[in-house]
Amino acid sequence: MAATTHTVSNQPPPLLGYDVFGADRVLGEAVERHLPAEVLDDAREGLARLGQSAGSAQAAAWGAQANENPPRLRTHDRYGHRVDEVEFHPAWHRLLGHAVGSGLTGAWDRPGGHVRRAAGFLVWTQAEAGHGCPLSMTHAAVPALRTEPAVAAEWEPLLTSRVYEEGLRPAGQKAGALLGMAMTEKQGGSDVRAGTTRAEPLSGEGEYLLTGHKWFCSAPMSDGFLVLAQAPGGLTCFLLPRVLPDGTRNPFAIQRLKDKLGNRSNASAEVEFDGTWVRRIGEEGRGVRTVMGMVAATRLDCVTGSAALMRQAVAQAVHHTTYRSAFGGPLVDKPLMRNVLADLALESEAATVLAMRLAAAYDDGGGSESAFLRIAVPAAKYWVTKRCTPVVGEALECLGGNGYVEESGMPRLLREAPLNSIWEGSGNIQALDVLRVLQREPLALNAFLQEVGRARGADHRLDAAIKGLLTELADLAGIEARARRVVERIVLVLQGSLLVRWAPPEVADAFCASRLGGDGGAAFGTLPHTLDLASVVARARPVER
């Protein structure tokens, strides 16, 4: 029998067995604020169930298993037939099944659908972020498909279904389907207009055959994909089914799976097309315009997904420091640690409030809200996704050496954190998109200014920041080189205006002081010490003591 050398003490309990939604005051308030009264009770009940599942030991185990056992490519069967299948650990399918069953691929045409789905996405992807990719693309494909009503009538009920069926079969034989996308090519990357994949028309209306490749094909196990290719009339959007209606496999050669920094549970592939049958979506030559509805929705999910990663990282940091004692007391009560935690909590709250405001604008759908989204979505995607990595890295440090160990889950969060900044266009692409809107769509700028103007007069630092932004926008000379600076200010002003209107005074005060008033440093933990930081930290605590 081994000798007992020491007693384990002063180790925090695992953050499990809690309601991820119910413990998130910021998200709960946003749901109350943005949802119509007639759906609020039903939404809260569904989110509570999802939150309890997300905080369970079972969901944590699924997340760990899906990442420890990444997908595997099987190009041929035992007889030498080409099958091009991606095999996943059962935990991946359980995560996806729970998400689809909770409505995370359906938001369109139901009251408060986007707010409900965004809240659910923010809650559930805290358990595991990788499977959020097919969820996002399936949800976001609907606007593009609706440009072809006949195709939408066939596919939309499958994409918004609450039934998850794994395996490749004709979509018409399944109760639910997933959709991916394949846009970029080796020679073009983000410049999708440089694509060389060819689409040759067939005799059937809207039918083509593809020849070419895609450098990044997300979620290659999906039932179908939206792809871009050069048709006779120019770059065009197409729907590519993996399995044809007669049950034969559509030519879709998976060359390899990417060996990625993070997002290990999800498969990303290089694929080739050789006589691959597709259906045109939208007009020839208008492929980018057709697919932009999908891109905008997935960009919002990048914001929401980053908010989820921040929230989970901050929750783990606050939880750990609440139960961990050092130098005579709990870490959470030490002034310097409290400053760090409060700073992280501010960033997390600002991201969540902004993501939910954008989801509410989608639900509204009016002209002014749609115009507002054209600036706010790429701007938020630029800034929130960039803030995610430093937030997660600092939160990991709050756990000390324990946070650097895989068992804590923090390294997985850190590896995942940069992804949303790259996916759907990296930082420069987002900044340039904002500039194009500013230069070409005055109604969008007016809608943005109306939004931030609702908080004017409530905080002098916010008022000064709005004035400074207007001065920046008035000078268009060399604007491209200043694009990141301009977009950063746009988002900080927007976040500040939302927090001034809706957050507790101590949160709004700390945000305006540090992010708008210049009273904060470059690192987290440099907030003015005179602020009510204890209240900011208490608000972020995932489980009350």
Side-chain angles (χ1 to χ4, degrees), residues 133 136-137 140-141 143-144 180-199 210 212-220 225-231 234-238 240 255 258-263 266-273 281-282 285-303 305-306 373-386 388-389 416-440 479-488 491:
C133 176
S136 179
M137 293 184 297
M181 67 166 71
M183 303 294 173
T184 61
E185 299 183 8
K186 295 182 179 75
Q187 72 285 347
S190 295
D191 184 6
V192 294
R193 296 184 186 277
T196 60
T197 296
R198 304 187 312 276
L210 296 188
H213 80 283
K214 293 297 172 182
W215 186 229
F216 270 92
C217 175
S218 300
F225 300 87
L226 288 183
V227 301
L228 292 174
Q230 300 289 354
L235 192 64
T236 305
C237 181
F238 299 93
L240 186 163
Q255 301 304 306
K258 302 286 191 179
D259 186 7
K260 297 172 293 184
L261 167 68
N263 200 243
N266 181 44
S268 301
E270 297 173 29
V271 299
E272 288 188 353
F273 310 134
I281 304 296
R286 297 175 68 84
V288 173
R289 185 179 183 89
T290 299
V291 83
M292 278 308 296
M294 181 181 194
V295 169
T298 49
R299 284 177 174 178
L300 174 53
D301 273 2
C302 289
V303 177
S306 291
L373 287 170
R374 285 195 286 276
I375 283 182
V377 168
K381 199 275 191 187
Y382 167 82
W383 182 245
V384 173
T385 62
K386 285 202 174 299
C388 186
T389 301
E416 192 75 24
L419 173 64
N420 286 321
S421 186
I422 299 168
W423 192 38
E424 294 299 11
S426 55
N428 285 354
I429 297 296
Q430 305 307 311
L432 292 173
D433 280 356
V434 173
L435 288 194
R436 277 191 287 271
V437 175
L438 289 172
Q439 292 167 340
R440 300 176 186 177
I479 189 70
E480 182 173 328
R482 294 185 287 117
R484 286 188 172 217
R485 172 188 175 100
V486 170
V487 174
E488 177 180 324
V491 183

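Index from 1, following the sequence. This one's a predicted model, so the numbers in the text were calculated from it and none came from an experiment.
- The neighbour count for Glu480 CD, taken as heavy atoms of other residues, nucleotides or ligands under 6.0 Å away, does not exceed 12.
- Arg193 places no side-chain N or O within donor-acceptor distance of the main-chain N or O of Leu235, the cut-off being under 3.5 Å.
- Between the Glu272 side chain and the Gln255 main chain, no donor and acceptor come within less than 3.5 Å of each other.
- Under a 3.5 Å cut-off, the side chain of Thr298 and the backbone N or O of Val295 do form a donor-acceptor pair.
- Among all heavy-atom pairs drawn from Leu210 and Ala229, the shortest one is CD2-CB, 3.7 Å.
- Although no hydrogens or angles enter the test, the distance criterion places no donor-acceptor pair under 3.5 Å between the side chain of Thr196 and the main chain of Ala194.
- Closest heavy-atom contact between Ala140 and Pro143: O-CD, 3.0 Å.
- A distance of 10.0 Å separates CZ of Arg485 from CD1 of Ile479, quoted to the nearest 0.5 Å.
- Shortest non-hydrogen contact noted between Trp423 and Cys133 is CZ2-SG, 4.1 Å.
- Summarising the geometry, atom SG belonging to Cys217 is positioned 10.5 Å from atom NZ belonging to Lys258; distances are rounded to the nearest 0.5 Å.
- Within the 3.5 Å criterion, the main-chain N or O of Asn263 finds a donor-acceptor partner in the side chain of Glu416.
- Looking at Lys186, its side chain never comes within 3.5 Å of a backbone N or O of Lys214 through a donor-acceptor pair.
- For the atom pair Glu270 CD and Glu185 CD, the distance stands at 12.0 Å (nearest 0.5 Å).
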